[in-house]
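Below is one structure, written out as structure tokens; the observations come after it.
All values below were derived from every heavy atom in this structure, side-chain atoms included, with hydrogens, water molecules and symmetry-related copies excluded. Owing to the predicted nature of the structure, the values given are computational and were not obtained by experimental measurement.
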Amino acid sequence: MELRITFWGVRGSIAVSGARYEQTGGNTTCVELQVGDDRLILDGGTGLRALGEHLGFAPVRATLLFTHLHWDHIQGVPFFTPAFHPGSALTFAGVPRATGTVREALAAQMRPPTFPVTLDRLIGARTFLDVPRATPFELGAFRVTPLEQDHPDGVVAYRIEAAGRSVVFATDCEHRPGSASGRESFAAMARFAKGADVLIHDAQYTTPEYRGEAGPPRLGWGHSTVEDAVAVARAADCGRLFLFHHDPTRDDAGVAALEAGARLAWPETFAAREGASLAL
Ligand SMILES: [Zn+2]
Ligand SMILES: [Zn+2]
């Protein structure tokens with residue numbers, strides 16, 4: 001049995017389109033994991049729409065597990081075609097926050113005046129599940145361990161084990177280089193990701209961008225630099241690192257340049273690109 005990973009959306013913050021983004025892809029966060037007939041979909045950004053188009057208007061059984069509920073992680077849900085099929089059995093899962101649950105955030109997104117179709121029309125969405133933020137749980141073939149991260153309104157990274165393989169999905173996390181809380185966060189992530197076959201890590205900014213040497217300072221915006229992602233992969237001795245949550249301003253040449261630079265420090269580094277699929 002293999003664990004298959006497919007990237008349907010790799011962009012952060014907002015979807016982008018145009019010739020400059022063709023090789024990397026413009027859709028926001030959505031990563032599909034498959035083991036046999038079990039399907040776990042990580043986040044429902046606009047990439048989820050593309051996955052829905054691929055699956056078609058057909059009965060689908062899957063769990064959608066959300067890291068958090070920012071737009072770029074939920075906007076594909078109203079366009080996920082299998083959710084409209086009466087034969088689908090979809091579970092929507094995530095950590096409840098003081099600002100609301102997954103169900104509440106999805107319902108708020110799908111109501112007037114911002115959207116014409118309400119959440120109850122997603123007839124295939126059978127179950128809404130609150131998951132713990134600090135203890136492991138199981139979703140079908142997948143054993144999931146959450147780790148709370150530094151991000152506005154909170155986010156969890158997930159370590160997912162299935163078929164004897166391990167994937168760490170750490171998007172929208174900030175390690176605040178140079179601060180005590182940042183050192184703690186970095187060390188916790190390095191322990192969490194230890195020996196993972198694949199680490200998918202936020203790499204939205206370059207260090208000059210993060211520091212405000214190119215545009216506004218991004219301290220506290222909840223994202224990592226490419227250097228942070230590489231440092232975690234090295235410290236945790238992960239198999240492969242995928243740079244993820246590309247900034248909307250980062251075109252194909254920019255992504256390729258970051259990837260090439262990161263490989264000098266960690267050869268098994270790849271930029272996550274939409275449509276890429278790998279089997280572990
Ligand atoms: Zn995001
Ligand atoms: Zn976010």
Mark yes when over 12 heavy atoms from residues, nucleotides or ligands other than E184 sit less than 6.0 Å from its CD; otherwise mark no.
no

State whether R11 and D247 are salt-bridged, where the test is any N-O pair (Lys NZ or Arg NE/NH1/NH2 against Asp/Glu carboxylate O) under 4.0 Å.
no

Using a strict cut-off of less than 4.0 Å between a Lys/Arg side-chain nitrogen and an Asp/Glu carboxylate oxygen, indicate whether E209 and R211 qualify as a salt bridge.
no

From the options L258, L264, L199, L243, select the one residue that forms a side chain to side chain contact (heavy atoms under 4.5 Å, CB included) with T269.
L243

Heavy-atom pair of closest approach, residues W221 and P216
CH2-CG, 3.8 Å

Got a donor-acceptor contact below 3.5 angstrom from the T46 side chain to the T28 backbone?
yes

Would you kindly check if the NZ (Lys) or CZ (Arg) of R218 is within the cone defined by 45 degrees around the ring axis of Y210 and under 6.0 Å from the six-membered ring centre?
no

Please give me the minimum heavy-atom distance between P152 and G220, naming the atom from each residue.
CG-O, 3.8 Å

Polar contact flag, side-chain donor to acceptor under 3.5 angstrom, D252-T24:
yes

Side-chain donor-acceptor pair present, Q204, S13, cut-off under 3.5 Å
yes

F115 vs F79, test: ring pair (Phe, Tyr, Trp, His ring centres under 6.0 Å). Steps then yes/no.
CA-CA 11 Å; F115 203 74; F79 302 93; 5.6 Å; yes

Evaluate ring pair (Phe, Tyr, Trp, His ring centres under 6.0 Å) for H54 paired with W8, printing each intermediate quantity in order.
CA-CA 10 Å; H54 169 74; W8 292 97; 5.2 Å; yes

Cluster question for you: counting only ILVMFWY and a side-chain heavy-atom cut-off of under 4.5 Å, with indirect links fine, are V10 and L241 together?
no

For a quick check under 3.5 Å, do H245 and D72 share a side-chain donor-acceptor pair by atom type?
yes

Do you reckon V102 sits in the same ILVMFWY cluster as L51, going by side-chain contacts under 4.5 Å, direct or chained?
yes

Take R20 and E22 through the salt bridge (charged side-chain N to carboxylate O under 4.0 Å, His left out) test and state the conclusion after the steps.
CA-CA 6 Å; R20 292 168 59 216; E22 263 170 17; over 6 Å; no

Within the 4.5 Å heavy-atom criterion, are V198 and I5 side-chain neighbours or not?
yes

Do R39 and F142 meet the cation-pi criteria used here (NZ or CZ under 6.0 Å from the six-membered ring centre, within 45° of the axis)?
no

Hey, quick one: are V60 and L40 part of the same hydrophobic cluster, counting side-chain heavy atoms closer than 4.5 Å, chains of contacts allowed?
no

Do other residues, nucleotides or ligands put more than 12 heavy atoms under 6.0 Å from D120 CG?
yes

Going by distance alone, is a donor N or O of one side chain under 3.5 Å from an acceptor N or O of the other, for H70 and D172?
no

Using the ring centroid of each side chain, check whether H201 and H223 are separated by less than 6.0 Å.
no

Grab the two heavy atoms, one from R126 and one from A89, that are nearest each other, plus how far apart they are.
CG-CA, 3.7 Å

State the CZ-OG distance between F192 and S185, to the nearest 0.5 angstrom.
11.5 Å

Evaluate the side-chain contact (heavy atoms from CB on, under 4.5 Å) criterion for residues V255 and Y21: first the C-alpha distance (whole Å), next the side-chain angles of each, then the deciding distance (0.1 Å), finally the verdict.
CA-CA 9 Å; V255 169; Y21 304 102; over 6 Å; no

Does P177 reach the side chain of D228, with side-chain heavy atoms less than 4.5 Å apart?
yes

Heavy-atom pair with the smallest gap, counting every atom of S166 and D197
N-OD2, 2.9 Å

Distance flag, aromatic centroids of F128 and F92, threshold under 6.0 Å
yes

So how far is it from T6 OG1 to E32 CD, rounded to the nearest 0.5 Å?
5.0 Å

Give me the one residue out of T29, T171, T67 that meets side-chain hydrogen bond (donor to acceptor under 3.5 Å, both in side chains) with D43.
T67

Can you tell if the side chain of L122 reaches within under 4.5 Å of the side chain of V117, non-hydrogen atoms only?
no

Note, F80 side chain near R49 side chain (heavy atom, < 4.5 Å)
no

So, R97 and E148, do they make that salt bridge, N to O below 4.0 Å?
yes

Please say yes or no: joined through hydrophobic side-chain contacts below 4.5 Å, possibly via intermediate residues, are V226 and Y205 part of one cluster?
no

Side-chain ion pair, R143 and E161, N-O less than 4.0 Å:
no

Check this for me: does any side-chain nitrogen of one of D237 and K194 sit under 4.0 Å from a carboxylate oxygen of the other?
no

Might you point out which heavy atoms bring P82 and L55 nearest each other, and give the distance in Å?
CG-CB, 3.8 Å

Closest heavy-atom pair, H175 versus S224, reported as atoms and distance to 0.1 Å, is CD2-OG, 3.8 Å

Does the gap between the ring centers of F242 and F169 come in under 6.0 Å?
no

So, R234 and E268, do they make that salt bridge, N to O below 4.0 Å?
no

Going only through I, L, V, M, F, W and Y residues with side-chain contacts under 4.5 Å, is there a path from V131 to V144?
yes

Apply salt bridge (charged side-chain N to carboxylate O under 4.0 Å, His left out) to D38 and R61, showing your working.
CA-CA 8 Å; D38 280 15; R61 183 176 62 82; 3.2 Å; yes

Heavy-atom neighbours of Q23 CD exceed 12 at 6.0 Å:
no

